[in-house]
Protein chains: 2
Amino acid sequence: MIQNIQIRELTPRHLRQSCSNCSLRELCLPIGLNPEEMQELDAIITQARPIKRGEALYRAGEPFKSLFAIRVGFFKASVISEDGREQVTGFHMSGELMGMDAISSDFHTCDAIALEDSEVCELPFGEIEELAGDVPLLQRHLYKVMSREIVRDHGVMLLLGNMKAEERLAAFLLNLSQRFAIRGYSSTSFHLRMTREEIGSYLGLKLETVSRTLSKFQDQGFIKVQNRLIEIIDGDSLKKLLSNCQGE
Amino acid sequence: MIQNIQIRELTPRHLRQSCSNCSLRELCLPIGLNPEEMQELDAIITQARPIKRGEALYRAGEPFKSLFAIRVGFFKASVISEDGREQVTGFHMSGELMGMDAISSDFHTCDAIALEDSEVCELPFGEIEELAGDVPLLQRHLYKVMSREIVRDHGVMLLLGNMKAEERLAAFLLNLSQRFAIRGYSSTSFHLRMTREEIGSYLGLKLETVSRTLSKFQDQGFIKVQNRLIEIIDGDSLKKLLSNCQGE
DNA sequence: TATTTTATCTGATCTAGATCAATCTTTATT
DNA sequence: AATAAAGATTGATCTAGATCAGATAAAATA
């Protein structure tokens, strides 16, 4: 299903809910490591770092040192073209890993901006890499996470290249809904952390089109919009919009 | 520069031109391994496999076993949505690695179709992964290659989300040009392996728009088009089109 | 070589979404 | 609380690119 393409899977909650301190274990790399390996991992990870809303976790051009696991919060990632146009490449929430684009060149290639007060764990890549050499499960997990990012990106390409405004918005809302659900939040009522303009940038639309389309969905009884609060009234109709997007 | 965003770097030619048989060494992973490591790598890689034009190297849904290094030839990668719409996610040429999207789920998520008679080396991922655990340089290289794919995808998102038809075509032509140049082919005269429709799918345009825009470039004296043969007459003007794409 | 089939080009028209513009609402700041 | 700034909505208009349609041209096949 189209709306699944960009979804990141997470480990079931029961596997990570018991941990209270920041660690890879409970977040992005919750794999079957033995206690000893776990300890090595924990030793690498620095204490959770708070990022205030509006602050940058990193910016394009900065030297790459670490990946970041989002402990709590919400980020946007975006590339800025030389002429100043912003393309939001993704929205990221708790349990997700950011910064993988920087591995290739040792410099960050996008900005990561907190859209709400957040906390991240810093994972020094050199050390993670070294440990991964000794811990096959960790190594494999890193490959999987990167691969998942590639798959997600392909889903966005499909969206940008083939879908029309309503389909894009429907896919976007359903994707957010699912990701909130996975994290134990309501899938039918949630707060958008980003502006209409940022949604538009992500979806390849202008903010006016985003606004109009949300209003239209509301008029059709699919959702209820109160500024940034979204209530999904009729998710099936949204899903139908997606499967209806016949190209033939 | 926008047109560089999707470019894959390759190792300088002198590092790989001496090898005649198919190997990672000369292709996608030309890193400073010692002779012993080299041998282990070679042992893993199966003999070059020919893929005829039009044939699939793999298809979405097939179980994942190996990555593929393109030895010679040209491929398109595409995802097909349930309703049958194709989105070309990339064109790949010699020296590039395909199939990384499949690591995340152990199934291929896109089709890889040869656009000319090609040859690939199969890299059984399980074995590569195992060797990577013992050979840090190989491990690091795999991370880098995957990261580069993510960066490339972000470039395509920028193109699809922000650029207009002329800019997209200019970026596309310049990107091909550079990639041919890196491989020792002419950067100013090359044969398109794909149809106008496939170009359109990649760039988020209809084939008619691709055709019209190529004609327009020809009228402006930027390029010469003879069916699939492209001659770049005035590359600077194409580049200017890209830097001119002011969004403010 | 003749004959399909497939790909490309070009023109005419249409439309989804952009752009321009004004108002309204929420949030931040004093 | 008052004011300023930022974000969101809604309407009117415009346009880049889609769609429809027909004409060529190239490539595949008989």
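Naming: A, B, ... by sequence-line order, numbering from 1 per chain. Computed from a prediction, not measured in an experiment: that's the story for all the values here.
Partners of B:Ser189 under the side chain to side chain donor-acceptor pair (under 3.5 Å) rule, at least two apart in sequence or in another chain, do not exist in this structure. A:Arg49 is linked by a salt bridge (Lys or Arg N to Asp or Glu O under 4.0 Å) to A:Glu122, counting only residues two or more places apart in sequence or in another chain. Remark: B:Ser201 pairs with no residue by the side chain to side chain donor-acceptor pair (under 3.5 Å) rule, at least two apart or across chains. Legend: residues meeting side chain to side chain donor-acceptor pair (under 3.5 Å) with B:Thr109, ordered by chain and number and at least two apart, are B:Asp101. Evaluation of the side-chain contact (heavy atoms from CB on, under 4.5 Å) rule for B:Thr188 yields B:Ser186 as partners, not counting sequence neighbours. Looking at residues two or more places apart in sequence or on another chain, you find a ring pair (Phe, Tyr, Trp, His ring centres under 6.0 Å) between B:Phe64 and B:His108, B:Phe125. B:Ser78 pairs by the side chain to side chain donor-acceptor pair (under 3.5 Å) definition with B:Glu86, not counting sequence neighbours.
Atom-to-atom, CG of A:Leu229 to P of C:dT25 comes out at 18 Å; the value is rounded to the nearest Å. Spacing between atom NE2 of A:His191 and atom C1' of D:dA8 amounts to 14 Å, rounded to whole angstrom units. Summarising the geometry, the separation between CG on A:Leu192 and C1' on D:dG7 is reported as 13 Å, rounded to the nearest angstrom.
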Going by atom type alone, with no hydrogens or angles, which donor-acceptor pairs under 3.5 Å involve a side-chain atom of residues 206-218 of chain A and a protein atom two or more places apart or on another chain?
from	atom 1	to	atom 2	distance (Å)
A:Thr213	OG1	A:Thr209	O	2.6
A:Ser215	OG	A:Ser211	O	3.1
A:Lys216	NZ	A:Glu166	OE2	2.5
A:Gln218	OE1	A:Val225	N	2.8

Only pairs under 3.5 Å count here: list side-chain donor-acceptor contacts from residues 51-61 of chain A, not counting sequence neighbours, and write none if there are none.
from	atom 1	to	atom 2	distance (Å)
A:Glu55	OE1	A:Lys52	N	3.3
A:Tyr58	OH	A:Gly99	N	3.1
A:Arg59	NH1	A:Asp111	OD2	2.9

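Across the helix from C:dT1-D:dA30 to C:dT30-D:dA1, the helix axis at one end is tilted relative to the axis at the other end by 50° (nearest 10 degrees, each axis from five pairs).
Residue B:Glu116 qualifies as enclosed at atom CD: its count of foreign heavy atoms under 6.0 Å is above 12.
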Summarise how protein sits on nucleotides 7-22 of chain C as a single string, 5' to 3': B when a protein heavy atom is under 4.0 Å from the base, S for sugar-phosphate-only contact, - for no contact.
SSBBBB----SSBB--

Filtered N/O pairs between nucleotides 28-30 of chain C and protein, under 3.5 Å:
from	atom 1	to	atom 2	distance (Å)
C:dA28	OP1	A:Arg53	NH1	2.9

